[in-house]
Amino acid sequence: MRAPSLSTKDLTINFGGHVAVDHVSCDFYSGELTVIVGPNGAGKTTYFNLISGQLKASSGTVIKDGEDITATAPSTRAKKGVGRAFQLTNLFPQLTVLENIRLAVQAQTGDGWRAFTPTNKLTALADKAELYLEATGLEGVAKQRAAALSHGNQRKLEVALLMAMEPDIYMFDEPTAGMSMDDAPEVLELISKLKADTRKTILLVEHKMNVVRSLADRIVVLHNGALVADGSPEQTMNSEVVREVYLGNAGVMA
Amino acid sequence: MEKTNGNLLVKGTVFLVWAILLFAPFLFQDVRSTEVAARILVFIVLVSSYDLLIGYTGIVSFAHTMFFGLGAYGTAIALKTMGPSWSAVILGALIGLGISLVIALAVGLLSLRVKAIFFAMITLAVASVALVMASQLSGLTGGEDGITYRPPSIFKPAAKLLTDENGKVLRIFGVKMNGKIAAYYFVFFSSLILFCVMLRLVVSPIGSVLKAIRENEARAEAIGYRVVAYRTLVFCAAAAFASLIGSVYAVWLKYTGPDTVLSFAIMIDILLMVVIGGMGTMWGAVIGVVMMTLAQYYLRDLMGVVADATHNLPIVPELFDPDRWLLWLGLCFILLVYFFPTGIAGRLMAKGEPA
Ligand SMILES: Nc1ncnc2c1ncn2[C@@H]1O[C@H](COP(=O)(O)OP(=O)(O)OP(=O)(O)O)[C@@H](O)[C@H]1O
Ligand SMILES: [Mg+2]
């Protein structure tokens, strides 16, 4: 069996007695898209926060390509190729869409420390930013401030920031939540294109079952912070434990 | 950013200000005007460098005058002890710069991780200590009286830069080409160079990172920027600019004391200038400095004129009594901040932007 690109071992966080993520051990592989499901409050977002470093684990480890990154800062993890988008839109509101994306690009190219070269002279940077502007369909609003965008476009920009980081690990946290029927398929199309690149590992939190079915290679189920099921879509969707977890949430899983 | 009318207006105004400053000794041939022009030049750098902190990165510091003072005292003490020479100016400036950088680095690394409000308090404490030390170490600093010294010989009023055929100091458009002119252009070009370096800084990738940190620190970190490192860097850079222009000011004034370079009154001036001009634009700093400095120097005179002109009306002359100038200045601030909460440049430059 090949080595996982990302693993968590007994990853746990404790908010003053409330265990939001409870000894979650899971391996993720490149070329695989794992959908993480679970009812509201199951700990999905918190699990992401532990992997990308926004929260510090109470115990357990996060390992990227064999390297223990549990104690590192979020920026270090980002540079090592762990990228994530946020469930709650988390942009640079007073900066333009282009500037938002360029920031994500230049963080990876190492241009962030350049102090004496005007940004508009760095054409490689601009070209790459342009690429992701187009990929996410935001080229028409490139000069608008992020704060002025519609909700749908803000969600797209959220995704664009992650794409522009070009990480090894992509973590999407309900990327299409609150998007219109027109916009959601565009974003899902992007993710499925990403899947074609076998070097990439994709983690996706998603509630919409049609999305899960069409994209997932594998499904992991979280419940009360614990991993309760992990397997192929058919296996997990039909398992006893998942039915139990979603009892009363039948509508969501339907 | 879009090239909008407001944008052009602001940049045009700033360009005009620099043009006037370039010719100031010829345009206004009196001692006081030259003093005002030099003060504007010095404060442009002081306030723009503060804008790097507060406007671009969202760091509130009360220690900016301390760095200004360190540069000034470094140069002043060197000139006093070594005598008037360029090597004293350079050595003093470097020592001031070195101490500024060490303090900025220490304060930055130790405390830029903490909440903004605590950081502001720490800088306040450090600046207070510096102020107390300047008055306690009176053997070195001259205490409350400050230090008077002579500048390098080229800046002495009697120095002749150019002479006519009789060996007398040459006049161009009636202005004597003496040491005073040399000193003014020393201040002018120092200020211009430092300002241009800062302008360059903010349009470079690092400028975007600073804005990103101001806008959303957590996301900046999440996309791969080490926020503490950037904050510490900009804090050190701002300290360096303040320190260097402090050294320049010391050479210009030929006197350095707590009131000219170190007091909290100056810190408050800096804050007001950056707020009035508009934070996070660099251009705004220039506008804020000019407006406030002119008001500080000329509002009193202007009120005197108004009071005289209206002396046979009731109440009006009372209101415009020159002694009430601070009251009017305060009133102007309140109105400006009320009507231009994002500052003059901030307001004008935002106007034409697509909503
Ligand atoms: N910073 C925090 N402090 C205290 N409790 C927290 C914190 N973050 C999350 N929690 C708690 O941890 C639990 C898991 O929350 P989390 O946001 O990870 O759920 P989720 O699975 O993402 O839910 P949703 O589907 O609603 O997004 C919740 O009970 C939440 O209240
Ligand atoms: Mg969530």
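We use all heavy atoms of the structure for the numbers below, so side chains are in, but hydrogens, waters and symmetry mates are not. None of the values given here were measured: they were computed from a predicted structure. Each chain gets a letter, A, B and so on, in the order the sequences are listed, and its residues count up from 1.
Counting heavy atoms of neighbouring residues, nucleotides and ligands inside a 6.0 Å radius, atom NZ of A/Lys80 does not exceed 12 of them.
Two residues are said to be in side-chain contact when any heavy atoms from C-beta on lie closer than 4.5 Å; A/Asn100 and B/Glu215 fail this criterion.
In this structure, A/Gln94 CD and B/Lys211 NZ are separated by 11.0 Å, a value rounded to the nearest 0.5 Å.
Closest of all the heavy-atom pairs between A/Asn90 and B/Arg219 is O-NH1, 2.8 Å. Annotation for B/Ile223 and A/Gln108: closest pair O-OE1, 3.5 Å, computed over non-hydrogen atoms.
Ranked by heavy-atom pairs shorter than 4.5 Å toward chain B, the options A/Phe92, A/Phe86, A/Phe116 are led by A/Phe92. By number of non-hydrogen pairs under 4.5 angstrom with chain B, the leading residue of A/Ala146, A/Pro167, A/Ala164, A/Ala78 is A/Ala78. Heavy-atom pairs under 4.5 Å with chain B were tallied for A/Lys79, A/Arg102, A/Met165, A/Gln106; the largest tally goes to A/Gln106. Between chain B and the options A/Leu122, A/Leu91, A/Asn120, heavy-atom pairs under 4.5 Å are most frequent for A/Leu91.
Neither the backbone nor the side chain of A/Arg77 comes within contact range of chain B; no heavy atoms are under 4.5 Å apart. Neither the backbone nor the side chain of B/Ala237 has a heavy atom closer than 4.5 Å to any heavy atom of chain A. With a 4.5 Å cut-off on non-hydrogen atoms, A/Leu98 does not touch chain B at all.
Counting only residues at least two apart or on different chains, the ring-ring contact (aromatic ring centres under 6.0 Å, His included) pairs with a member in residues 215-237 of chain B are A/Trp113-B/Tyr230, B/Phe67-B/Phe235, B/Phe119-B/Phe235, B/Tyr225-B/Tyr230.
Scanning residues 194-208 of chain B against chain A with a 4.5 Å heavy-atom cutoff picks out B/Val197, B/Arg200, B/Leu201, B/Val203, B/Ser204, B/Pro205, B/Ile206, B/Ser208, ordered by number.
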